[in-house]
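Bear in mind the structure is a predicted one, so any value in this text is a computation, not a measurement. By convention in this document, chain letters (A, B, ...) are assigned in the order of the sequence lines, proteins followed by strands, and residues within each chain are numbered from 1. Side chains included, hydrogens not; waters and symmetry mates left out as well; all remaining heavy atoms used.
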2 protein chains.
Amino acid sequence: MEEVRLVGGALPVNEQEKKEEVLNRYMEQHGLKSTRQRSLIIDTFFAIGGHLSVEELWSKVREQDAKVSVATVYRTMKLLNDCGLAHARNFGDGQTRYEAAAGREHHDHLICTRCGRIVEFENDRIEAMQEAVARKHGFTVTSHKMELYGLCKDCQRQPPAPKTEA
Amino acid sequence: MEEVRLVGGALPVNEQEKKEEVLNRYMEQHGLKSTRQRSLIIDTFFAIGGHLSVEELWSKVREQDAKVSVATVYRTMKLLNDCGLAHARNFGDGQTRYEAAAGREHHDHLICTRCGRIVEFENDRIEAMQEAVARKHGFTVTSHKMELYGLCKDCQRQPPAPKTEA
DNA sequence: ATCTCTGCAAAAAGTTTGCAATAAG
DNA sequence: CTTATTGCAAACTTTTTGCAGAGAT
């Protein structure tokens with residue numbers, strides 16, 4: 001139970017190719033160059049998975065190359081976001097978190113307010129009802145965000161020490 | 001149709017009393033004092049309604065008293081949030097927005113990505129399903145956030161000029 | 001009087017940007 | 001070679017905080 005800090009992490013091998021394809025096409029079309037730090041940041045991001053803040057990602061990246069600057073991490077994540085391989089999320093802790101997006105279904109989040117654990121889920125019936133509600137109000141939905149905050153199984157029985165998000 | 005920029009704004013008169021009661025009790029229990037700027041900020045906040053950023057609220061407050069500082073607005077809104085009369089929201093535009101909460105049911109938001117209009121709604125069935133999903137993952141939900149982004153009725157037929165949030 | 005508040009300005013925290021040096025194609 | 005990228009530091013934005021003077025009870 002402990003090792004599953006986050007659900008929805010690193011991509012399976014077959015996704016790797018699709019991801020690289022998307023990335024390469026995007027870089028080519030935009031005249032971008034492939035650099036050592038970009039690759040390192042991107043690889044690290046997809047390898048770790050989860051919902052990383054720039055700070056967290058940066059510290060992981062620096063374990064490999066201490067010279068990489070935050071600015072580069074910010075710029076690279078913006079790039080990944082723009083080409084659709086990562087989504088920027090904001091869970092209200094004051095910093096933007098990124099999550100891998102390539103080839104993944106839309107999903108929502110369950111967030112433990114005690115230990116910071118984040119679990120992803122999807123539910124078609126809820127989505128259908130959202131559509132219905134929107135229609136009733138004359139809206140056309142293009143995207144949505146749903147976050148459930150509460151206590152995870154472990155934290156419900158007080159004991160487990162609160163750990164800050166992985 | 002145009003005047004309804006936001007749904008869920010100023011409180012009805014009968015709510016005013018309940019609100020004041022809550023506020024007074026809270027201030028008393030916490031040894032807080034009622035001051036000119038606090039009252040002005042709070043009254044302005046409830047009078048305008050909607051989903052105000054500190055910046056917006058501050059500018060409205062300054063129309064009445066140009067000397068009030070942002071710090072005081074921040075401190076006062078934090079206070080309102082703590083006593084449960086306001087909820088801090090984050091719609092991803094980089095600034096915290098507050099909305100009146102006294103005696104209002106929990107609700108979610110429909111947000112027009114073109115004109116910024118925000119419509120509130122509530123749906124018990126969706127909430128019930130959220131509970132179910134959470135339970136399935138071993139979570140106990142204490143609060144949630146659901147935002148549907150898309151185009152409102154007006155903006156679906158291109159013409160209407162986009163206006164920034166009231 | 002006493003203890004809380006306010007305004008101001010400085011400090012944080014997170015993110016962005018300008019620029020000269022550096023690396024990629 | 002030419003153009004994009006990087007690191008660094010300065011700039012920005014939003015929010016918080018320390019402090020001395022002003023205000024509330």
Nearest-Å distance for atom pair [atom1]/[atom2], residues [X] and [N]:
{"X": "B/Gln95", "N": "C/dT15", "atom1": "CD", "atom2": "C1'", "answer": "15 Å"}
{"X": "A/Glu55", "N": "C/dT15", "atom1": "CD", "atom2": "P", "answer": "9 Å"}
{"X": "A/Met27", "N": "D/dT3", "atom1": "CE", "atom2": "P", "answer": "18 Å"}
{"X": "A/Asn24", "N": "C/dA24", "atom1": "CG", "atom2": "C1'", "answer": "15 Å"}
{"X": "A/Glu56", "N": "C/dG14", "atom1": "CD", "atom2": "P", "answer": "11 Å"}
{"X": "B/Lys67", "N": "C/dA9", "atom1": "NZ", "atom2": "P", "answer": "13 Å"}
{"X": "B/Arg97", "N": "D/dT15", "atom1": "CZ", "atom2": "C1'", "answer": "15 Å"}
{"X": "B/Trp58", "N": "C/dT6", "atom1": "CH2", "atom2": "P", "answer": "15 Å"}

Worksheet item: Across the strands shown, which category fits A/Val70 at heavy-atom distances under 4.0 angstrom: base, sugar-phosphate, nothing?
Response: nothing
Worksheet item: Just checking B/Thr96: base, sugar-phosphate only, or nothing, at a heavy-atom cut-off of under 4.0 Å?
Response: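 Sugar-phosphate: the residue B/Thr96, judged by heavy atoms under 4.0 Å, touches backbone atoms but no base.
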Side chain [X], main chain [Y], donor-acceptor under 3.5 Å:
{"X": "A/Thr113", "Y": "A/Gly150", "value": "yes"}
{"X": "A/Thr72", "Y": "A/Val68", "value": "no"}
{"X": "A/Glu147", "Y": "A/His109", "value": "no"}
{"X": "A/Glu56", "Y": "A/Ser53", "value": "yes"}

Fill in: Neighbour count above 12 (heavy atom, 6.0 Å) for B/Lys60 NZ
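Not more than 12 within 6.0 Å, no.
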Response to the item:
Going 5' to 3' through nucleotides 18-25 of chain D and flagging B where a protein heavy-atom sits under 4.0 Å of the base, S where only the sugar-phosphate is that close, and - otherwise, we get B----BB-
Practice prompt. Establish, yes or no, whether a centroid distance under 6.0 Å links the rings of B/Phe91 and B/His51.
Written response: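 Yes; B/His51 has its ring centre under 6.0 Å from that of B/Phe91.
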Worksheet item: Do you reckon B/Leu151 sits in the same ILVMFWY cluster as A/Phe139, going by side-chain contacts under 4.5 Å, direct or chained?
Response: no
Worksheet item: In what stems does DNA chain C take part, counting only runs of at least 3 consecutive Watson-Crick or G-U pairs whose two distances fall under 3.5 Å?
Response: C:1-25 with D:1-25
Practice prompt. To the nearest 0.5 angstrom, please state how far the OH atom of A/Tyr26 sits from the CG atom of A/Asp82.
Written response: 4.5 Å
Worksheet item: Are B/Asp154 and B/Arg114 close enough for a salt bridge, meaning some N to O gap below 4.0 Å?
Response: no
Worksheet item: Do the side-chain N or O atoms of A/Tyr74 get closer than 4.0 angstrom to the phosphate oxygens (OP1, OP2) of C/dT15?
Response: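 Affirmative; the distance criterion is met.
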Worksheet item: What's the closest nucleotide to the A/Val68 side chain, out of C/dT15, C/dG7, D/dG7?
Response: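 Looking only at side-chain atoms, A/Val68 lies closest to D/dG7.
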